[in-house]
Amino acid sequence: MIVKELKDLDFKEGEVLLFNKPYEWTSFDVVRKVRNTIREKKIGHAGTLDPLATGLLILCTGKMTKKIDGFQSQQKEYIGEMILGKTTPSFDLETEVDAEFDISHITPAQVVEAALTFLGEIAQTPPIYSAIKIDGQRLYKLARNGETKDIPPRNVHIYEFDIEEVSLPVIKFKVVCSKGTYIRSLVRDLGLKLNVGAYMSALRRTKIGDFDVSTAYELDKFVQDYKEFIT
């Protein structure tokens with residue numbers, strides 16, 4: 001995708017804006033920042049990224065908000081890191097480590113072999129620390145209050161789960177997957193497969209369909225440039 005010049009953007013008619021979501025920002029934080037900058041009320045994002053993840057976030061304005069569902073349904077690509085041999089309740093860095101396991105017997109070949117078993121359609125249970133609603137309540141709110149709920153599994157498709165580097169306990173990986181996939185859950189399940197536990201320590205979304213983070217706006221620069229453009 002070619003990034004348009006600011007002078008060519010028509011937010012009311014409709015634009016598709018790509019942003020590199022900053023670390024610790026929620027997806028709605030980005031929407032709110034851009035909305036307040038461009039003064040366009042009709043704006044939304046096409047697929048949530050967790051606050052501790054970075055990377056590609058698609059925002060649609062004006063008439064292009066009708067296309068959001070289509071963008072959300074496209075394949076996603078992620079790169080990330082996990083820590084093998086430890087677990088956290090949130091499956092990532094949001095919560096503290098709650099268990100540790102010996103990984104001295106684990107080999108890189110075992111990790112690669114285990115990852116391959118997740119290719120194709122799988123039934124995946126989302127994390128309790130997620131924005132999914134059950135009985136009208138967000139799961140992460142229940143989790144933070146110490147409450148639990150039975151979370152029904154959902155079918156997702158894993159097209160690629162490549163182990164790119166093993167330097168135990170750190171494992172670097174790439175995943176290409178369908179809409180609705182929780183990479184945190186995939187990491188948790190890999191740890192279970194190896195009987196040593198795992199949690200996700202870093203995640204970056206690099207692609208959604210044909211959209212690539214390499215062509216995305218940096219949020220601060222977009223805001224600064226736009227303010228300079230309209231003054």
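All figures in this text were calculated on a predicted structure; none of them were measured in a lab. Residue numbers start at 1 and run along the sequence shown.
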Among the clusters formed by ILVMFWY side chains lying less than 4.5 Å apart, do Leu203 and Phe91 turn up in the same one?
no
According to a 4.5 Å side-chain heavy-atom criterion applied to Ile, Leu, Val, Met, Phe, Trp and Tyr, with indirect links allowed, do Phe101 and Ile171 form part of one hydrophobic cluster?
yes
Once rounded to the nearest 0.5 Å, what's the spacing between atom CZ of Arg205 and atom CD1 of Ile79?
13.0 Å
With clusters defined by side-chain heavy atoms of hydrophobic residues (ILVMFWY) lying less than 4.5 Å apart, directly or transitively, does Ile158 cluster with Ile163?
yes
Close side-chain approach of Ile38 and Phe222, heavy atoms under 4.5 Å
yes
Hey, does Val30 have a side-chain heavy atom less than 4.5 Å from the side chain of Pro22?
yes
Which atom pair, heavy atoms only, marks the closest approach of Lys21 to Ala53?
NZ-O, 2.7 Å
Check whether any side-chain heavy atom of Phe11 sits under 4.5 Å from a side-chain heavy atom of Ile43, and report yes or no.
no
Heavy-atom check, side chain of Asn20 versus side chain of Arg204, under 4.5 Å:
yes
To the nearest 0.5 Å, atom CG of Leu190 lies from atom CZ of Phe161 at 4.5 Å
Are side-chain heavy atoms of Thr125 and Arg188 found at a separation under 4.5 Å?
yes
Pairing donors with acceptors under 3.5 angstrom, does anything connect the side chains of Thr206 and Glu77?
yes
Tell me whether Leu116 shares a hydrophobic cluster with Phe118, the cluster being built from Ile, Leu, Val, Met, Phe, Trp, Tyr side chains joined at under 4.5 Å.
yes
Measuring from atom OG1 of Thr61 to atom CZ of Arg35, what distance do you get when rounded to the nearest 0.5 angstrom?
11.5 Å
Would you please indicate yes or no on a ring centroid separation below 6.0 angstrom for Tyr217 and Tyr226?
no
For a 4.5 angstrom cut-off between non-hydrogen side-chain atoms, does Asp50 reach Glu94?
no
Can you name the one residue among Leu84, Val97, Asp92 that meets side-chain contact (heavy atoms from CB on, under 4.5 Å) with Tyr199?
Val97
For the residue pair Val16 and Phe71, establish whether any side-chain heavy-atom pair is separated by less than 4.5 Å.
yes
Can Val213 be reached from Ile58 by stepping across I, L, V, M, F, W or Y side chains whose heavy atoms are under 4.5 Å apart?
yes
State whether the side chain of Thr181 and the backbone N or O of Val156 hold a donor-acceptor pair below 3.5 Å, judged by distance alone.
no
I'd like to check Leu52 versus Tyr23 (side-chain heavy atoms, cut-off strictly below 4.5 Å). Are they in contact?
yes
